[in-house]
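Structure first, commentary second.
Just so we're clear, the structure is a prediction, and the values are computed from it rather than from any experiment.
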Amino acid sequence: MIVRLFRSSLEKAGVKSMDAVGHPFDPSRHLAVAQVDSPGGQDNVVVEEIQKGYLLEGRVLRAAMVKVSRASSPAVERGAVAEGAAE
């Protein structure tokens with residue numbers, strides 16, 4: 001009950017949470033804490049939100065902490081594995 005009242009008070013003051021997952025990485029709104037390989041996927045897309053971000057009247061109050069995708073090709077990964085096995 002108290003949390004609900006607190007959130008409604010923040011919304012009345014103009015504070016809104018950001019949706020980050022699935023959106024392109026924006027350094028002015030997101031803080032990247034990790035990169036995740038995504039073979040065949042898109043590059044620089046938010047794949048996981050670690051901490052929610054908030055906006056105050058359209059300006060960033062707190063940036064969202066996120067994990068960002070990094071496109072990788074399967075051929076590059078196989079080459080890295082083959083080089084590691086040769087050593």
Side-chain angles (χ1 to χ4, degrees):
M1 181 173 149
I2 293 174
V3 173
R4 194 172 349 138
L5 288 171
F6 181 66
R7 286 185 181 159
S8 68
S9 298
L10 287 175
E11 286 178 7
K12 288 178 186 175
V15 176
K16 296 184 180 174
S17 63
M18 286 190 270
D19 291 327
V21 177
H23 295 278
F25 176 73
D26 180 1
S28 65
R29 291 179 169 241
H30 305 125
L31 175 64
V33 295
Q35 280 191 320
V36 179
D37 288 332
S38 86
Q42 292 182 327
D43 198 22
N44 291 329
V45 174
V46 176
V47 293
E48 184 180 343
E49 187 175 53
I50 297 171
Q51 185 177 48
K52 272 209 139 336
Y54 293 92
L55 299 170
L56 175 62
E57 297 178 3
R59 295 180 298 181
V60 176
L61 185 62
R62 180 174 79 182
M65 293 175 65
V66 298
K67 289 184 181 179
V68 181
S69 67
R70 173 177 51 199
S72 62
S73 66
V76 172
E77 290 177 7
R78 277 193 302 255
V81 171
E83 288 175 355
E87 293 177 5

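- The heavy-atom pair separating His30 from Ala20 by the smallest distance is NE2-CB, 3.7 Å.
- Rounding to the nearest 0.5 Å places OG of Ser38 at 10.0 Å from CG of Asn44.
- Put simply, CG on Leu10 and CG on Leu5 are 11.0 Å apart, with the number rounded to the nearest 0.5 Å.
- When all heavy atoms of Glu49 and Ala64 are compared, the closest pair comes out as OE2-CB, 4.0 Å.
- Across every non-hydrogen atom of Asp26 and Ser28, the tightest pair is OD1-OG, 2.9 Å.
- Of all non-hydrogen atoms in Ala32 and Val68, the two that sit nearest each other are CB-CG2, 3.9 Å.
- A 4.5 Å side-chain heavy-atom check between Leu55 and Leu61 finds every atom pair outside the cut-off.
- In this structure, CG in Leu31 is found 5.5 Å from CE in Met65, a value given to the nearest 0.5 Å.
- The distance from the CD atom of Gln42 to the OG atom of Ser69 is 7.0 Å, given to the nearest 0.5 Å.
- For Val36, the side chain to side chain contact (heavy atoms under 4.5 Å, CB included) partners at least two apart in sequence or on another chain are Val47, Lys67.
- In Arg29, the CZ atom is not crowded: 12 or fewer heavy atoms of neighbouring residues, nucleotides or ligands sit closer than 6.0 Å.
- No option in Arg59, Arg62, Met18, Lys16 other than Arg62 meets the side-chain contact (heavy atoms from CB on, under 4.5 Å) test with Tyr54.
- Between the CG atom in Asp43 and the CZ atom in Phe25 there is a gap of 11.5 Å [rounded to 0.5 Å].
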